[in-house]
Amino acid sequence: METFAFTPAYELPAWPFTPPPELDSPKVVRHPIVIVGAGPSGLTLACDLAQRGVSAVLLDEDDTVGVRGASSRGICYAQKSLEIFERLGIYERIAAKGITWSFGRTFSGDEEVYNFNLQANSVSRQPPFINLQQFYVEWFLVERILEIGVTDLRWKSRVTRVQQLADGVRLDIETPAGSYTIEADRLIDATGANSAIRTQLGIEAHASRSTDRWCISDVRFKKPLPTERWTWVDAPFNEGRGVWQHLMADGVWRIDYQMPEDCDTAYISQPEVAGARLREQLGPDVEFEFVWIGPYGYRDHLLDSFRHGRVFFIGDAAHVVSPFGARGGNSGIQDAANLGWKLALVAQGRAGDALLDSYDAERQPAARENLQVTSRSARFLAPRSPAEHTLRRAVVALAARHPFARALVNTGRMSVANAYPVAPLLPEGGCTVQNLPLRWVDGRETTLMQLLADGTQCIGLWFAPTREQADAAREATASLPLRLVAVGGESDNHGLLTLQPDDTLAAHLGIGIGIGIDDRGSFALVRPDAYRAAVLANATPTTIAAALRTALALDAAP
Ligand SMILES: O=C(O)CCc1cccc(O)c1
């Protein structure tokens, strides 16, 4: 029998367990923020808070990144996540290590039936996607958290019990040096899909499991393949079933093969069987080494609410979707970025507690939308009813010749920054503001993320304010977390930071002349998570302060 080579396993870092002070003390210490789980969402939240100068305790039962014995789970990082990583100071590391892409092609048999270029609608400094093994992202986040140095990172610390109190949460923690108890003003569960905290608190996840079966081959090739996302609805080299192909770091390709529903999972993941599949796809002489082979079936779940008293659920602990479109990991990172600034401002007494409720009001519908979108892709890939089979056959047959049908070919709709619904703190709803390259009046370059990187404040972009307006607005908002920035106007805006006039910025914010609103005097309020919270057509110091107070729940009933 032919044997197949495996590359040596990834060498992942390990961080030391340091016995915490609570182990030697009978006193139950209270911490403002405790995060459980050092996966992508927990680490992003800890890093986001650290960047804002806010310390959190981060507990993880392991002492490394990645999932032991498994391959990388997440592989595709979307623009919004990359913009968050830019603000957190790890984007350059991710871009240097990962594979940047924006183009996707979908095939039926040997024919291309759909393609997309995600760069087309982008004004961001970050590309639409970078592929990178999840453990590298986690690793860079840990490095950054250690660089900033304000997070209390506790490895080898397993939470065994969680109890909600009237004004906080009590946690029992087991470590190699013994057990201890702490309390938290607020607890964030980032422990993933199988959250024991969720189970212990009796919170229903509404889980469902698909019967669709897949097998991952992570492989290194000698033969170069295109660095685009390629998918097949019905690949001739996979017995007419689906295939996904992505390049990740270190020259490793992720190839996902759809398998028969009743397959023997041990058999399909044997190296000889996986090797035969690769040869069918890439030719009998292709030279390769396996990195990892593994079967999987996907599942989904969604909590009704992401906030339960003093406990917040983020990432897979709150929602799980099928992998099509890479919406799982990316939405966990966006959960963290949504919650981080809110926790920081509320903990500092600079925003109302109702701001924390807006985490659920914004991210739960976002997760629901992701679940709907990925479920539609899953049904296209594995139709369940005769009608779904007929529809898919018709769409694929028409797509080859008729452009209208191409958009119906659905092998996944790639992750986007979800818009947020109209709500008391977001009277116009919220939409993402991309990381536009900008220029100060003196010619220096900056970006929106750089404007947001220091401290925790909203950015007020005010188009051509007069000196008098600028002075009055500074006074009206002096006690509020706002950085006022003029865009164009009088060259010396009386001490206001001033950007060069920028039509792309105005249009992106929805205040360009081209879309009917004169930009002179217009104002856009951008939140610390780079979501547009309000647009004012003829801003005054009073309306600016009112918009800010609304966005920060400063006028809401306690
Ligand atoms: O391209 C896609 O739609 C998702 C690719 C993906 C994401 C996460 C895991 C995996 O095996 C494939």
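Quick note: residue numbers are just sequence positions, from 1. Counting starts at 1 for both ligands and their atoms, following the listed order.
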- Residue that, paired with Gln245, satisfies side chain to side chain donor-acceptor pair (under 3.5 Å) out of Arg254, Arg229, Gln281: Gln281
- N or O contact, His246 vs ligand 1, cut-off under 3.5 Å: yes
- Message: With respect to Thr411, determine whether any N or O atom, backbone or side chain, lies less than 3.5 Å from an N or O atom of ligand 1.
- Response: no
Pairwise side-chain contact, [X] with [Y], heavy-atom cut-off 4.5 Å (strictly under):
| X | Y | answer |
| --- | --- | --- |
| Asp48 | Val54 | no |
| Ile35 | Leu49 | yes |
| Arg279 | Phe288 | yes |

Going by the order shown, which atoms of ligand 1 are within less than 4.0 Å of some heavy atom of [X]?
| X | result |
| --- | --- |
| Gly325 | 2 (C), 3 (O), 4 (C) |
| Phe324 | 3 (O) |
| Asp256 | 10 (C), 11 (O), 12 (C) |
| Arg73 | 8 (C), 9 (C) |

- Query: For the ring pair (Phe, Tyr, Trp, His ring centres under 6.0 Å) test, which of Phe324, Phe107, Trp253 pairs with Trp244?
  - Reply: Phe324
Nearest protein heavy atom with distance in Å, relative to [atom]:
| atom | result |
| --- | --- |
| atom 4 (C) of ligand 1 | Pro323 O, 3.3 Å |
| atom 2 (C) of ligand 1 | Trp244 NE1, 3.3 Å |
| atom 7 (C) of ligand 1 | Ile75 CG1, 3.8 Å |
| atom 10 (C) of ligand 1 | Arg254 NH1, 3.5 Å |

- Item | salt bridge (Lys or Arg N to Asp or Glu O under 4.0 Å) pairs, two or more places apart, involving residues 90-99 | Glu92-Arg125, Arg93-Glu143, Arg93-Glu147, Lys97-Asp250
- Identify, with sequence neighbours excluded, every residue that meets side chain to side chain donor-acceptor pair (under 3.5 Å) alongside Glu287. Lys222
